There are 2 protein chains.
Amino acid sequence: MFDLDLRSRKPIYEQLVDKFKELIIKEVIQADEKLPSVRTLARQMTINPNTIQKAYRELESQGYIYSLKGKGSFVQAFSEKASQEELIKVKEKLKAAVSEALYLGMTRADIESLLQEIDESTGGGIIDDKTSGSK
Amino acid sequence: MFDLDLRSRKPIYEQLVDKFKELIIKEVIQADEKLPSVRTLARQMTINPNTIQKAYRELESQGYIYSLKGKGSFVQAFSEKASQEELIKVKEKLKAAVSEALYLGMTRADIESLLQEIDESTGGGIIDDKTSGSK
DNA sequence: TTAACTGTACTAAGGATACTAATACAGTTA
DNA sequence: TAACTGTATTAGTATCCTTAGTACAGTTAA
């Protein structure tokens with residue numbers, strides 16, 4: 001399902017969190033869609049269920065998914081996300097990255113075009129094989 | 001000198017790296033200016049010299065400072081920085097942060113104004129108490 | 001009800017990493 | 001020479017990640 005770097009200094013559960021965030025943000029997995037179960041995914045990736053669980057717990061606390069005992073874990077619908085805390089964190093990340101990028105030689109134009117690129121590939125753009133995916 | 005969170009999960013030396021990057025980027029410390037010595041800073045902050053050294057080693061490998069045995073550590077002049085590797089890393093950071101920000105509800109306009117803000121406070125803007133700081 | 005699935009919680013053990021500590025060597029400067 | 005600087009090494013402790021095993025609770029279908 002994913003390609004993880006088991007030898008990375010970055011913890012597996014954090015890599016999982018990032019991967020899932022990316023899939024959710026790019027709407028590869030959509031609202032209320034079921035995520036693989038903790039045990040299934042653990043078996044598939046030959047890592048411990050506890051590690052998956054830790055990733056899911058983190059995703060839930062960040063508002064990206066919700067879990068129902070006995071049923072499974074599901075992608076949180078868009079509107080209910082965006083806790084104030086998470087927003088502040090992301091803003092800080094953004095500031096740091098932009099500052100560093102500018103310092104390392106990227107121009108405002110470079111950054112703007114990157115912004116453009118992402119903006120298209122995320123919310124507004126790709127309606128690929130579904131013309132109006134209303135539920 | 002800084003406010004560090006000794007209890008954070010983020011290693012002290014990484015916090016130091018970030019702080020120094022920020023100071024260098026904002027030109028609070030300028031090119032060829034001397035950084036506090038490993039031992040002095042360690043004494044001031046009541047942490048181990050080795051931790052400071054680790055931070056300095058990291059900053060040097062990223063091209064932000066240079067060190068001279070017996071003399072000290074100094075801010076690297078602008079032009080010589082910007083290794084291709086670092087640029088790629090920053091671009092990835094930027095992409096992730098922008099995607100997440102958009103997803104959490106920030107608009108392009110929000111991000112643009114943040115960009116504007118940073119752009120002013122970095123290279124072009126503040127020439128505060130020095131009118132033309134030519135060395 | 002039963003069986004098989006789901007999430008969740010807990011304890012224990014190992015391995016890796018961060019940090020501290022102490023010491024040593026080499027170059028610079030007054 | 002003395003006091004500063006960076007750099008390197010070794011060792012011990014603490015913390016975190018990951019695995020492993022077990023257990024409990026809710027859901028679903030036979």
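In this text the structure is predicted, and so the values were computed from the model without any measurement. Labels below follow one simple rule: chain letters A, B, ... track the order of the sequence lines, proteins then strands, and each chain is numbered from 1. Only this structure's heavy atoms are used, side chains among them; waters, hydrogens and symmetry mates stay out.
A donor-acceptor pair under 3.5 Å links the side-chain atoms of B:Gln15 to the main chain of B:Asp5, judged by distance alone. A donor-acceptor pair is defined here as one N or O able to donate and one able to accept, closer than 3.5 Å; such a pair exists between the side chain of B:Ser99 and the backbone of B:Lys95.
Salt-bridge annotation for A:Lys26 and A:Glu22: present, with a side-chain N of the basic residue lying under 4.0 Å from a carboxylate O of the acidic one.
Rounded to an integer number of Å, the gap from CD1 of B:Ile52 to P of C:dA21 is 13 Å. Between the CG atom of B:Asn50 and the P atom of D:dG12 there is a distance of 16 Å, rounded to whole Å. Rounded to a whole Å, the CD atom of B:Glu58 is 11 Å from the P atom of C:dA18. Going from atom CZ of B:Arg43 over to atom C1' of D:dC4 covers 10 Å, rounded to whole Å. Distance A:Lys10 NZ to D:dC16 P: 18 Å, rounded to the nearest Å. D:dG6 atom P lies 9 Å from atom CD1 of B:Ile65, rounded to whole Å. For the pair B:Ile47 CD1 and D:dT13 P, the computed distance is 22 Å after rounding to whole Å. Nucleotide D:dC16 holds its P atom 10 Å from the OH atom of A:Tyr13, rounded to whole Å.
Using a 4.0 Å heavy-atom distance criterion, A:Ser8 is classed as making no nucleic acid contact. Among the protein residues, A:Glu60 comes within range of the sugar-phosphate backbone only, with heavy atoms under 4.0 Å from sugar or phosphate atoms but none that close to a base. Counting non-hydrogen atoms under 4.0 angstrom, B:Thr46 reaches nothing in the nucleic acid. When heavy atoms are screened at a 4.0 angstrom cut-off, A:Arg39 is found touching base atoms of the nucleic acid.
Both B:Lys54 and A:Tyr56 lie near DNA chain C, and the one whose nearest nucleotide falls closer to the 5' end is A:Tyr56. Nearest-nucleotide assignment on DNA chain D puts the 5′-proximal partner with A:Glu14, out of A:Gly70 and A:Glu14.
For B:Gln53, the side-chain atoms get nearest to D:dA8 when compared with the rest of D:dG6, D:dA8, D:dT19. Ranking C:dA18, C:dT28, C:dG7 by closeness to the B:Pro11 side chain, first place goes to C:dA18. In this structure, of C:dT29, D:dG6, C:dT20, it is C:dT29 that holds the atom nearest to the side chain of B:Lys71. Considering only the side chain of A:Ile12, D:dT18 comes nearest among D:dT18, C:dG7, D:dT19. The nucleotide whose nearest atom lies closest to any side-chain atom of A:Thr51 is, among C:dA18, C:dT6, D:dT18, D:dT18.
Between A:Tyr66 and A:Phe74, the angle of the ring planes stays under 30°, which puts this pair in the parallel group of the 30/60° scheme.
Side-chain nitrogen and oxygen atoms of B:Ser67 include none within less than 4.0 Å of the OP1 or OP2 phosphate oxygen of D:dT5. The side chain of B:Ser37 contributes an N or O atom lying less than 4.0 Å from OP1 or OP2 of D:dT5. Considering only side-chain N and O atoms, A:Thr40 lies under 4.0 angstrom from the phosphate OP1 or OP2 of C:dT6.
Across all strands shown, the partner of C:dG15 is D:dC16, judged by Watson-Crick or G-U wobble contacts whose two distances both fall under 3.5 Å. For C:dT29, the paired nucleotide is D:dA2, the pair qualifying as Watson-Crick or G-U wobble because both relevant distances are below 3.5 Å.
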Exercise for review: List the steps and the verdict of side-chain contact (heavy atoms from CB on, under 4.5 Å) for A:Tyr13 and A:Asn50.
Suggested key: CA-CA 9 Å; A:Tyr13 84 94; A:Asn50 292 335; over 6 Å; no
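Taking the centre of each ring, A:Tyr103 and B:Tyr64 come in below the 6.0 Å mark.
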